Amino acid sequence: MDGRGVRQGFDGAALSRSAPTWSPRELRDEAIAVLARNDVGGWTKPAPRLYPHQWSWDTAFIAIGLARSDPNRALGELEHLFSAQWGDGRVPHIVFDPNARDYRPGPDLWASAAVSELAPRAVATSGIIQPPVHAIAVWRLLEVASSEAIRGRVAVLYPKLLAWHRYLAERRDPEGSGLITIYHPWEGTDNSPRWDAALARIPVGAIPPYARTDVSVVSADERPTSGEYDRYIWLVSLLRDAGYDDATIQNTHPFLIKDVQKSAVFSAACRSLERIAELVGAPREERSQIARWGERSGRAVQSSWDDALGLALDTDLRAGKPIRVATSAGLCTLLVPDMDRAIADRTEQTLFGPDFAGASGLAFPVVLSTARSSPEFRPRAYWRGPAWPLSNWLLWWGMTQRGSDASAARLRAPNLALLSRPEAHFAEYFEPFTGEPLGSLDQSWTAAVALDWLATQEASD
Ligand code: 9WN
């Protein structure tokens, strides 16, 4: 262990002493260095010690960052991930590195190849998914660093992206509602209070003893609790017993949530995939199919809007009702192409308002993961309050796509200021009132989004 990725102590007072900050050039060099250190050879691990395998949506963000410094490697990240795609098109949330043996719980927990014929044989993977940022990453790569060679490789990747979107549209939304169903909190924002009520209803059955590496790398108060973790393990055991078969799971599983954030990402990713399809000369029918998926999800996210909260809400299928918990996931209407203008404008007000980037006392006015006034808000606890740069990037990107340039710049500036302090160390997430880095240091997607922000800032100067 080289000690990287682990905090040595944080001097909160340094903030008030106008601590030195990196110049854009230094920030860029440092971000590139993080991604180089986390390079495992053809793909990049999310963090030096906490996350030694390949994670799905991390890979997409890493590709977005690398597009700015090493486009070939950027595409290689996605190619590596998609080489572990399942027979039904699903892209697993973790592709395990056989050389990283000390991560627990590891591939045995999932036993994917043993219980499903659809799982790849050559490599061990998990059986669940994460938000489909991948087509967004590919289109961004084409926008900023297209070349004949890249376009040729994208043409090879395209059918895999299409199969992934088809899996999401058909298997994860058999009702055709436009909203994607998730089966596990690990399918995105682990211990977000979005899932609390649904998890609380689930009695945890007998689970074998299991080990956790995370709490030996990161302070336990910044990670999910052991009660939460027991439930995560229990849900995996149910999914594994169902052979990761979507139809079986949708009949039997106790945790079924229509995830509004994942659906909004999907809607945006369909717009990107449509453009990719056109570039690679895909048949017209395929392009219209992708467009229909995207529009359907966009409409469904719009229908999930809650005017009183100024946020879009998930729906708990088992409880049969919306989940009225205010988190940054509810700001995802900003990602949806052609979202109703009044709703998107209202969302921006929520974003910059007192529950998120406008909360009083913030070290930097960036978006909190859980609303400041929410009873579940806890500023150090993982997805329950801290600020996550990748979530901020997604919302920023959404605002650029809808042409809300001033708002986008207003969100990018404090994020870059937060990350430009050398003591920020590209952390996984931040305590919002002090700016203290939390979770892992040298987190790849944090470095990656910094690279993209820097490049767009430079272009707009
Ligand atoms: C479990 C890698 C991943 C992210 C997730 C984040 C966290 C893992 C964990 O780390 O999840 O998959 O151990 O908590 O919640 O979004 O992809 O960075």
Side-chain angles (χ1 to χ4, degrees), residues 5 34-35 38 40 43-65 77 81 91-97 100 102-107 109-110 112 124-134 137 182-195 199 210-226 228-233 235-236 239 259 261-262 265 327-329 369-370 381-394 426-429 437-449:
V34 167
L35 292 171
N38 290 345
V40 182
W43 60 277
T44 302
K45 56 187 172 182
R49 287 174 52 198
L50 186 58
Y51 306 121
H53 303 289
Q54 188 175 34
W55 260 261
S56 169
W57 72 326
D58 297 64
T59 298
F61 287 105
I62 290 164
I64 287 167
E77 301 279 335
L81 177 73
V91 176
H93 104 292
I94 301 178
V95 180
F96 288 99
D97 176 6
D102 64 352
Y103 177 85
R104 297 280 179 279
L109 172 72
W110 299 94
S112 298
T125 76
S126 70
I128 57 170
I129 60 166
Q130 285 187 321
V133 190
H134 314 88
I182 65 160
Y183 309 147
H184 198 291
W186 280 340
E187 296 208 302
T189 55
D190 299 25
N191 77 337
S192 168
R194 296 160 79 190
W195 323 130
L199 287 176
Y210 64 90
R212 287 177 68 174
T213 319
D214 62 332
V215 282
S216 64
V217 179
V218 167
S219 168
D221 67 342
E222 297 160 26
R223 294 285 307 172
T225 63
S226 45
E228 284 160 349
Y229 230 85
D230 283 352
R231 285 189 155 71
Y232 301 161
I233 300 291
L235 289 178
V236 172
L239 294 169
D259 179 339
Q261 182 187 43
K262 198 175 268 93
V265 170
T327 74
S328 66
S369 48
T370 292
Y382 214 34
W383 291 97
R384 304 180 86 88
W388 288 68
L390 86 301
S391 308
N392 276 262
W393 186 92
L394 264 182
F426 300 100
E428 190 180 6
Y429 42 99
L438 301 176
S440 177
L441 303 186
D442 286 352
Q443 182 84 7
S444 294
W445 65 12
T446 306
V449 298

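It should be emphasised that the depicted structure is a prediction, and the values quoted were computed from it without experimental measurement. When a ligand or atom number is given, it counts from 1 through the structure's own listing order. Worth knowing before you read on, the calculation uses all heavy atoms, side chains too, and leaves out hydrogens, waters and symmetry mates.
Here the side chain of K45 pairs no donor or acceptor atom with the backbone of D97 at under 3.5 angstrom. Side-chain atoms of S126 come within 3.5 Å of backbone N or O of I94 as a donor-acceptor pair.
Nearest approach of V215 to R223, heavy atoms of both residues: CG1-CB, 4.3 Å.
In terms of N/O distances under 3.5 Å, ligand 1 is approached by W383. Taking any N or O of W388, backbone or side chain, none lies under 3.5 Å from an N or O belonging to ligand 1. Residue R223 places at least one N or O, backbone or side chain, under 3.5 Å from an N or O of ligand 1. Where the criterion is an N or O separation shorter than 3.5 Å, residue side chain and backbone included, W445 fails it with respect to ligand 1. Close N/O approach between W57 and ligand 1 is found [any backbone or side-chain N/O within under 3.5 Å]. Considering backbone and side-chain N/O atoms, G188 comes within less than 3.5 Å of an N/O atom of ligand 1.
Set against the non-hydrogen atoms of Q443, the atoms of ligand 1 under 4.0 Å away are 18 (O). The distance from ligand 1 to the heavy atoms of H93 drops below 4.0 Å at these ligand atoms: 12 (O). Atoms of ligand 1 found under 4.0 Å from any heavy atom of P46, numbered from 1 in the order shown, are 18 (O). Distances below 4.0 Å separate heavy atoms of Q130 from the following atoms of ligand 1: 4 (C), 5 (C), 16 (O), 17 (O).
Looking at atom 8 (C) of ligand 1, its nearest protein heavy atom turns out to be D190 OD2, 3.5 Å. With respect to atom 14 (O) of ligand 1, the closest heavy atom belonging to the protein is Y382 OH, 2.4 Å. In this structure, the protein non-hydrogen atom closest to atom 18 (O) of ligand 1 is D58 OD2, 2.6 Å.
For the 3.5 Å distance criterion, the side chains of N191 and Y232 fail to qualify, holding no donor opposite an acceptor. One side chain, H134 or S56, offers a donor N or O that lies under 3.5 Å from an acceptor on the other.
Separation of the Y103 and W55 ring centroids falls under the 6.0 Å cut-off. Ring pair Y382/W388: centre-to-centre distance below 6.0 Å. Taking the six-membered ring for Trp and the full ring otherwise, Y429 and W445 have centroids separated by 6.0 Å or more.
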Start with the C-alpha distance between Y229 and W186, add both sets of side-chain angles, then the distance that settles ring-ring contact (aromatic ring centres under 6.0 Å, His included), and finish with yes or no.
-> CA-CA 10 Å; Y229 230 85; W186 280 340; 5.7 Å; yes
